*Asks:* 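My questions all concern the structure below.
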Amino acid sequence: MTGPENVVVQLCAQGMHAETEGREDQARDLFLQAWEAAEDDYDACIAAHYLARHQPTPEETLRWNQECLARADRVGDDRVRGFYASLHANMARAHRDLGQIEQAREHFESAAQRIHEVPAGPHNQWLRYRIAAGLRATGRPVPGQHEDPVGELLTTLCARTDLEALSLLLPPYLGSLGTPEDEVLITAALRMLHAERRLPDAEQAALSHAIRARSAA
């Protein structure tokens, strides 16, 4: 039973509500009750996911994330397919918090490979941002990252609070996992903004430079 009538789902929902109200100790107790009430690996996977968020040390956080991933592997069907990008991202963050950069990078890469399994929507987009940031932080080379002047241009747009330009460039730039498809999206956004010719001359020139640099890469 995996619907809202499932006691594990109910307890986790109550725990999330307690989180939003700042009742952290009560939230942890509810998630622990969910873990103890789990009747199968699917239930245990869900409970372990939330318990991992309420651990006192990075080591315990990693242990519960490992438990969560192991339970998902035991389930092994479509019910957990959309979980893996998030599970690997959580494992990566736990390893990074322990200074285990190589292990963190491996899990961020695994998360990137499975992001397509997460249904489209705000959760997918936010998870993609988390993964992309993790890949940058753990040193995975992104094509053109150091030579590409887009970051400098974005800094300028932020300083001017040009929300329209930022709304076009930031999503593909921050969400890039370094794939050819992601790079095409960034270049397309640059070209669209360039075609409007509404930025100050210096920024318009920076746009032209960014497009040329990416075309030559």
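Computed from a predicted model, the values in this text were never measured in an experiment. Side chains included, hydrogens not; waters and symmetry mates left out as well; all remaining heavy atoms used.
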*Asks:* Drop me the distance from E181's CD to I186's CD1, to the nearest 0.5 angstrom.
*Replies:* 12.0 Å
*Asks:* Could you please spell out the steps behind the side-chain hydrogen bond (donor to acceptor under 3.5 Å, both in side chains) verdict for Q103 and H95?
*Replies:* CA-CA 6 Å; Q103 295 95 320; H95 278 296; 4.9 Å; no
*Asks:* Please assess T57 against E60 for the test side-chain contact (heavy atoms from CB on, under 4.5 Å), listing each intermediate value before the final yes or no.
*Replies:* CA-CA 5 Å; T57 67; E60 283 298 295; 3.4 Å; yes
*Asks:* Are L193 and I211 linked, directly or through intermediate hydrophobic residues, by side-chain heavy-atom contacts shorter than 4.5 Å (ILVMFWY only)?
*Replies:* yes
*Asks:* Quick check: does any side chain N or O of T187 sit under 3.5 Å from a backbone N or O of E183, one acting as donor and the other as acceptor?
*Replies:* yes
*Asks:* Just wondering, are more than 12 heavy atoms of other shown residues or ligands nearer than 6.0 Å to CZ in R96?
*Replies:*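 It does: R96 CZ has more than 12 such atoms within range.
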*Asks:* With a 4.5 Å cut-off on side-chain heavy atoms, are L87 and N65 touching?
*Replies:* no
*Asks:* Please tell me if the side chains of L69 and H107 come closer than 4.5 Å, counting only heavy atoms from C-beta onward.
*Replies:* yes
*Asks:* Indicate yes or no: at least one non-hydrogen side-chain atom of L199 is less than 4.5 angstrom from one of L207.
*Replies:* yes
*Asks:* Answer yes or no: is there a side-chain heavy-atom contact under 4.5 Å between E117 and F83?
*Replies:* no
*Asks:* Are the charged groups of D162 and R198 less than 4.0 angstrom apart, N to O?
*Replies:*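 Yes, D162 and R198 are salt-bridged.
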*Asks:* Mind checking whether Y50 and W64 have side chains closer than 4.5 Å, heavy atoms only?
*Replies:* no
*Asks:* Just verifying a value: how many Å separate E21 CD and M16 CE, rounded to the nearest 0.5 Å?
*Replies:* 13.0 Å
*Asks:* Does a side-chain heavy-atom distance below 4.5 Å link E36 with V8?
*Replies:* no
*Asks:* Short question: side chain of N124, backbone of V118 - any donor-acceptor pair under 3.5 Å?
*Replies:*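 Confirmed, N124 side chain pairs with V118 backbone.
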*Asks:* Taking A72's backbone N and O only, do any of them form a donor-acceptor pair with Y84's side chain (distance below 3.5 Å, no angle check)?
*Replies:* yes
*Asks:* Donor-acceptor check, side chain of Q55 to backbone of L51, threshold 3.5 angstrom: yes or no?
*Replies:* yes
*Asks:* Nearest 0.5 Å, please: how far is CD1 in I46 from CG in N6?
*Replies:* 7.0 Å
*Asks:* My understanding is that only one of R28, E24, R23 makes a side chain to side chain donor-acceptor pair (under 3.5 Å) with Q26; could you say which?
*Replies:* R23
*Asks:* Using a strict cut-off of less than 4.0 Å between a Lys/Arg side-chain nitrogen and an Asp/Glu carboxylate oxygen, indicate whether R81 and D78 qualify as a salt bridge.
*Replies:*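 Looking at R81 and D78, the cut-off is met.
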*Asks:* Closest approach of L168 and P172, non-hydrogen atoms and distance?
*Replies:*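 Residues L168 and P172, closest heavy atoms: O-CD, 3.3 Å.
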*Asks:* How many angstroms lie between atom CG of L190 and atom NE2 of H209, to the nearest 0.5 angstrom?
*Replies:* 11.5 Å
*Asks:* Is the number of heavy atoms from other residues, nucleotides or ligands under 6.0 Å of D201 CG greater than 12?
*Replies:* no
*Asks:* If you round to the nearest 0.5 Å, how far is CD of E106 from CD1 of I101?
*Replies:*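 Going from CD1 on I101 over to CD on E106, the span is 12.0 Å.
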*Asks:* Where is the tightest heavy-atom contact between C45 and C68, given as atom of each residue plus distance?
*Replies:* O-SG, 3.3 Å
*Asks:* Is the H54 to F31 ring centre distance short of 6.0 Å?
*Replies:*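 Aromatic pair counts; centres sit under 6.0 Å.
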*Asks:* Looking at C12 and A34, what are the two nearest heavy atoms and their distance?
*Replies:* SG-CB, 3.8 Å
*Asks:* Do M192 and L166 belong together in a cluster built from hydrophobic side chains that touch within less than 4.5 Å?
*Replies:*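 Cluster IDs for M192 and L166 match.
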*Asks:* Measure across Y42 and V80 and return the closest heavy-atom pair with its distance rounded to 0.1 Å.
*Replies:*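 In this case the closest contact between Y42 and V80 is CD1-CG1, 3.9 Å.
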*Asks:* Looking at S176 and Y173, would you say the former's side chain and the latter's main chain have a donor-acceptor pair under 3.5 Å?
*Replies:* no
*Asks:* Roughly how far apart are R160 CZ and T155 OG1, rounded to 0.5 Å?
*Replies:*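 One gets 12.5 Å once the value is rounded to the nearest 0.5 Å.
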*Asks:* Considering only heavy atoms from C-beta outward, does the side chain of L153 approach that of L169 to under 4.5 Å?
*Replies:*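 Contact flag for L153/L169 side chains = yes.
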*Asks:* Any Lys/Arg nitrogen of E67 or R63 sitting under 4.0 Å from an Asp/Glu carboxylate oxygen of the other?
*Replies:*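 So E67 does not pair with R63 through a salt bridge.
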*Asks:* side-chain hydrogen bond (donor to acceptor under 3.5 Å, both in side chains) with Q204: which residues, sequence neighbours excluded?
*Replies:* none
*Asks:* Between A37 and V7, what is the shortest heavy-atom contact and its length?
*Replies:* CB-CG1, 4.1 Å
*Asks:* Name every donor-acceptor pair, under 3.5 Å, that has one atom in a side chain of residues 126-134 and the other anywhere in the protein, sequence neighbours excluded.
*Replies:*
residue, atom, partner, partner atom, Å
R128, NH1, G175, O, 3.0
R128, NH1, D182, OD1, 3.4
R128, NH1, D182, OD2, 3.3
Y129, OH, Q125, NE2, 3.4
R130, NH2, N90, OD1, 3.0

*Asks:* For residues L135 and F108, report the shortest heavy-atom separation together with the two atoms involved.
*Replies:* CD2-CB, 3.6 Å
